[in-house]
Asker: 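First, the structure itself, so that you have it in front of you.
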Amino acid sequence: MSQQYPGDTATITAPAGDGSTQSYEEARAAATRAMSSIAITPDPPLRTPPAKTETDADVDPELLSYRGFKFGAAFFGWLIAISMSVLLTAAVAAVAFGTAQILDFTYGDAKAQPGASLITAAGVTVFMLVLAFFIGGYVAGRLARFDGGRQGFGVWMIAVFVGLVAGGVSWFLDSQYGVVDEITRPDVAISDNTLLLGSGVAAAALLVFTLLAAIVGGKTGRRYHDRIDELL
């Protein structure tokens, strides 16, 4: 007996009798062993793409070249910060003058309570400058679009640099012409050590809080562009 299947790969010939059955069983066992030796490798699992970070989230690659610190944006943010500090100082001075007139608070009353007067003046000054640097950082972040925190830090750094230059010029003028000695300072009933300690604390608070305000303002200014990018 001869058996041949379509797609012919092998022909099994089995003679009549018991031999045919034995040959058929041997061929079947060989086919079973061949099939069992074939290993089926499953497809590799699909890899989950990495989550997009803030750097490459829906931003045109050509726009990424504009990242980094921008001196122009930081400079104009610093100008806004200085302008706002002047405006806020004038506004607070006008309000303080009007309040003093209404409450009949005179210079003599301030001298009678020097500690409270100096603490109030220092607190108001720090608050005004913090608000001014927040606005300056916000403007710098809006102008630069990217890296708002860096732009806010740049605003603060420019202010510190200008302050150091102004302090150096003042020290030179004082050493040459004695300008500071000609300034009439108010007679405050507080020891020099207390004044020095209070000035150091106020200066440290001013530096730290204005730095944080400028960075937060820069990040806030950048969020305006982030909202627009989400819509596009």
Side-chain angles (χ1 to χ4, degrees), residues 54 67-96 110 113-176 179-181 183-186 188-224:
E54 184 182 0
R67 286 185 176 277
F69 172 69
K70 304 300 178 184
F71 178 79
F75 178 77
F76 283 104
W78 171 73
L79 290 179
I80 294 298
I82 297 301
S83 302
M84 289 303 302
S85 63
V86 173
L87 292 176
L88 289 174
T89 301
V92 170
V95 171
Q113 299 177 344
S117 301
L118 290 177
I119 291 175
T120 302
V124 172
T125 301
V126 170
F127 174 77
M128 289 188 303
L129 291 177
V130 165
L131 182 59
F133 273 85
F134 175 83
I135 297 173
Y138 178 86
V139 172
R142 284 285 298 270
L143 289 176
R145 180 176 181 182
F146 295 111
D147 298 324
R150 291 184 181 180
Q151 316 312 325
F153 179 75
V155 171
W156 183 82
M157 283 298 299
I158 292 175
V160 171
F161 176 75
V162 173
L164 292 176
V165 172
V169 172
S170 300
W171 175 82
F172 175 77
L173 293 177
D174 179 62
S175 63
Q176 295 293 325
V179 178
V180 177
D181 296 334
I183 299 177
T184 302
R185 290 172 290 183
V188 182
I190 298 178
S191 63
D192 293 338
N193 292 332
T194 302
L195 285 175
L196 182 61
L197 177 61
S199 300
V201 172
L206 182 63
L207 289 174
V208 173
F209 289 137
T210 52
L211 172 61
L212 295 177
I215 293 176
V216 173
K219 290 181 176 294
T220 305
R222 184 202 163 169
R223 289 180 59 187
Y224 171 82

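Below, each value reflects all heavy atoms present in this structure, side chains not excepted, and no hydrogens, waters or symmetry copies. The residues of the chain are indexed from 1 along the displayed sequence.
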Asker: The criterion is side-chain contact (heavy atoms from CB on, under 4.5 Å); which residues satisfy it with L129, sequence neighbours excluded?
Answerer: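 L129 satisfies side-chain contact (heavy atoms from CB on, under 4.5 Å) with S85, T125, L206, T210 once adjacent residues are dropped.
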Asker: Please report the shortest heavy-atom distance between A73 and L143, naming the atom on each side.
Answerer: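 Where A73 meets L143 most closely, the heavy atoms are CB-CB, 3.9 Å.
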Asker: For F209, which residues count as a side-chain contact (heavy atoms from CB on, under 4.5 Å) partner, sequence neighbours excluded?
Answerer: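 Listed in chain order: V126, V130, A205.
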Asker: Run the side-chain contact (heavy atoms from CB on, under 4.5 Å) test against V92 and tell me which residues pass, sequence neighbours left out.
Answerer: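 Per chain and number, V92 pairs via side-chain contact (heavy atoms from CB on, under 4.5 Å) with V124, M128.
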Asker: Can you name the closest pair of heavy atoms from A132 and A81 and give their distance?
Answerer: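 So the minimum-distance heavy-atom pair works out to CB-O, 3.4 Å.
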Asker: As an exercise, state the distance from CG of L87 to CD1 of I135, rounded to the nearest 0.5 Å.
Answerer: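 It is 9.5 Å, given to the nearest 0.5 Å.
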Asker: Sequence neighbours excluded, which residues qualify as side-chain contact (heavy atoms from CB on, under 4.5 Å) partners of F153?
Answerer: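 Expected list: W156, M157, L211, I215.
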Asker: Checking L212 against F133 for the side-chain contact (heavy atoms from CB on, under 4.5 Å) test, could you report, in this order, the C-alpha distance in whole Å, the side-chain angles of both residues, the deciding distance, and whether it holds?
Answerer: CA-CA 9 Å; L212 295 177; F133 273 85; over 6 Å; no
Asker: I need the full list of side-chain hydrogen bond (donor to acceptor under 3.5 Å, both in side chains) pairs touching residues 129-140, with sequence neighbours left out, sorted by first then second residue.
Answerer: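 side-chain hydrogen bond (donor to acceptor under 3.5 Å, both in side chains) check on residues 129-140 returns Y138-R142.
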Asker: Could you tell me which non-hydrogen atom of G154 sits nearest to which non-hydrogen atom of A74, and how far apart they are?
Answerer: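 Distance-wise, the nearest heavy atoms are C-CB, 3.9 Å.
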Asker: W78: what forms a side chain to side chain donor-acceptor pair (under 3.5 Å) with it, not counting sequence neighbours?
Answerer: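 W78 satisfies side chain to side chain donor-acceptor pair (under 3.5 Å) with no residue once adjacent residues are dropped.
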Asker: For F127 and L88, what are the C-alpha separation, side-chain angles and deciding distance, and is it a side-chain contact (heavy atoms from CB on, under 4.5 Å)?
Answerer: CA-CA 10 Å; F127 174 77; L88 289 174; over 6 Å; no
